[in-house]
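Notes to accompany the following structure.
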Amino acid sequence: MLHFCVPTFMLKKIKLPKYRYSAAGVVAEIFDITNEIALKRLEHYEKQLFGLTFHKEL
């Protein structure tokens, strides 16, 4: 559901604020979702980015 509401390719194009809760507010407003869903999606996105970085360094 999170990917459907906020696709990764669209999330990559957004200039997000430094702080997670501010970024969640921006994402929530752009995609017309709740702050809670936006926060969960950002947490998932951060894990994706961390995983990519981890695998590149191996």
Side-chain angles (χ1 to χ4, degrees):
M1 176 190 85
L2 296 174
H3 286 278
F4 180 75
C5 293
V6 185
T8 301
F9 77 94
M10 294 178 82
L11 195 54
K12 286 181 179 180
K13 294 179 181 183
I14 301 171
K15 174 86 170 147
L16 295 172
K18 182 178 179 178
Y19 299 103
R20 184 182 293 158
Y21 290 103
S22 297
V26 170
V27 171
E29 186 175 326
I30 291 171
F31 292 98
D32 196 29
I33 57 176
T34 65
N35 283 356
E36 182 180 332
I37 292 173
L39 188 57
K40 287 180 184 179
R41 179 61 178 107
L42 286 174
E43 289 172 355
H44 185 264
Y45 181 61
E46 289 171 358
K47 289 177 185 177
Q48 281 182 305
L49 292 177
F50 179 75
L52 289 174
T53 303
F54 180 76
H55 287 290
K56 285 181 182 179
E57 291 187 17
L58 288 180

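For residues 21-47, the set of pairs meeting the ring pair (Phe, Tyr, Trp, His ring centres under 6.0 Å) definition, not counting sequence neighbours, comprises His3-His44.
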For this session: Check step by step if side chain to side chain contact (heavy atoms under 4.5 Å, CB included) holds for Arg41 and Thr8.
Result: CA-CA 9 Å; Arg41 179 61 178 107; Thr8 301; 2.6 Å; yes
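Between Lys40 and Glu36 there is a salt bridge, since a side-chain N of the basic residue sits under 4.0 Å from a carboxylate O of the acidic one.
The side chain to side chain contact (heavy atoms under 4.5 Å, CB included) search around Ala24 returns Ala38, Leu39, Leu42, not counting sequence neighbours. Glu46 meets the salt bridge (charged side-chain N to carboxylate O under 4.0 Å, His left out) test with Arg20; sequence neighbours excluded.
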